[in-house]
Amino acid sequence: MDCKFRTDLGTVTVNEDILLKVAGYSALECYGIVGMASKRTTDGIVQMLGLENLGRGVRIRAEEDRVDVDLYIIVEYGISISAVADSIINTVKYRIEHLTGISVGKVNVSVEDIRV
């Protein structure tokens with residue numbers, strides 16, 4: 001699902017894969033995050049994803065003129081989860097809006113696992 005928005009010069013279309021990568025890389029840059037998580041629906045096992053599969057730990061939902069982002073993360077043991085989540089929300093929202101021009105409505109962070 002592509003996201004479209006209008007400018008004075010015409011319509012801009014941003015591929016969903018671009019939004020997934022921007023959100024995934026932005027989240028990984030935040031302190032306290034170990035990796036992105038992918039939950040297998042068959043058995044509920046959480047796996048840590050490498051850089052090539054960042055899109056699995058991110059879900060994008062396009063609304064009218066904005067997008068909502070869901071992130072599934074693995075955090076480092078001993079780090080404040082609320083501080084990590086707040087940092088991720090602010091960073092991801094800023095990066096998507098700054099790099100793509102698409103406004104972000106919500107950024108939801110789900111902590112799937114804690115790693116030592």
Side-chain angles (χ1 to χ4, degrees):
M1 161 179 43
D2 296 338
C3 297
K4 297 180 181 180
F5 63 96
R6 292 198 170 276
T7 65
D8 295 336
L9 300 175
T11 303
V12 177
T13 304
V14 179
N15 192 322
E16 183 180 8
D17 292 336
I18 300 300
L19 294 172
L20 293 174
K21 287 182 182 181
V22 169
Y25 283 121
S26 299
L28 282 179
E29 290 179 359
C30 295
Y31 178 76
I33 186 169
V34 175
M36 303 299 287
S38 174
K39 195 184 269 192
R40 286 194 270 167
T41 56
T42 55
D43 52 6
I45 294 175
V46 175
Q47 357 175 219
M48 192 162 74
L49 301 172
L51 292 177
E52 66 279 352
N53 293 326
L54 283 179
R56 286 189 181 165
V58 181
R59 186 169 297 141
I60 302 285
R61 292 185 317 273
E63 298 294 327
E64 298 166 1
D65 59 343
R66 63 184 170 85
V67 294
D68 293 336
V69 181
D70 297 328
L71 298 166
Y72 302 93
I73 64 167
I74 300 171
V75 296
E76 184 178 338
Y77 178 77
I79 303 293
S80 171
I81 293 175
S82 62
V84 170
D86 189 46
S87 173
I88 290 171
I89 290 168
N90 292 329
T91 302
V92 169
K93 183 174 180 173
Y94 172 77
R95 290 273 171 86
I96 289 177
E97 289 177 349
H98 180 72
L99 294 175
T100 65
I102 297 172
S103 64
V104 176
K106 292 184 203 174
V107 177
N108 301 313
V109 177
S110 298
V111 178
E112 298 294 327
D113 198 4
I114 297 175
R115 294 281 164 96
V116 177

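These numbers come from a predicted model, not from an experiment.
Distance CD1/Ile73 to CD1/Ile33: 4.5 Å, rounded to 0.5 Å. A distance of 8.5 Å separates NZ in Lys93 from OG in Ser103, rounded to the nearest 0.5 Å. To the nearest 0.5 Å, the span separating CE on Met36 from CG on Leu20 amounts to 9.5 Å. Going from atom CD of Glu112 over to atom CG of Leu71 covers 11.0 Å, rounded to the nearest 0.5 Å.
In this structure, the side chain of Asn90 engages the main chain of Asp86 through a donor-acceptor pair within 3.5 Å. A donor-acceptor pair under 3.5 Å is absent between the side-chain atoms of Ser87 and the main chain of Ala83, judged by distance alone. Formation of a donor-acceptor pair under 3.5 Å by the Glu97 side chain with backbone atoms of Val104 is found in this model. Distance alone, capped at 3.5 Å, places no donor-acceptor pair between the Asp113 side chain and the Ile74 backbone.
Listed by first and then second residue, the ring pair (Phe, Tyr, Trp, His ring centres under 6.0 Å) pairs that reach into residues 95-116 are Tyr94-His98, sequence neighbours excluded. Among residues at least two apart or in separate chains, there is no ring pair (Phe, Tyr, Trp, His ring centres under 6.0 Å) pair with a member in residues 60-82.
In this structure, the side chains of Asn108 and Val69 stay at 4.5 Å or more apart for every pair of heavy atoms. Looking only at side-chain heavy atoms (C-beta outward), Asn15 and Ile18 come within less than 4.5 Å of each other.
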Using the rule given for side-chain contact (heavy atoms from CB on, under 4.5 Å), can you reason through Arg61 versus Asp70, listing the C-alpha separation, both sets of side-chain angles and the distance that settles it, and then say yes or no? CA-CA 8 Å; Arg61 292 185 317 273; Asp70 297 328; 2.2 Å; yes
_Working note: Ile96 + Thr100, criterion side-chain contact (heavy atoms from CB on, under 4.5 Å); need CA distance, chi angles, decisive distance, verdict._
CA-CA 6 Å; Ile96 289 177; Thr100 65; 3.7 Å; yes
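For the residue pair Gly35 and Leu28, the shortest heavy atom distance occurs at CA-CD2, 3.7 Å. In this structure, Ala27 and Ile88 approach most closely via the heavy-atom pair CB-CG2, 4.1 Å. Nearest heavy-atom pair across Cys30 and Thr91 is SG-OG1, 3.6 Å. In this structure, Val92 and Ala23 approach most closely via the heavy-atom pair CG2-O, 3.8 Å.
Between Lys106 and Asp68 there is no salt bridge, since no side-chain nitrogen of the basic residue lies less than 4.0 Å from a carboxylate oxygen of the acidic one.
The side chain to side chain contact (heavy atoms under 4.5 Å, CB included) test with Glu76 is passed by exactly one of Ile81, Val84, Val34: Val34.
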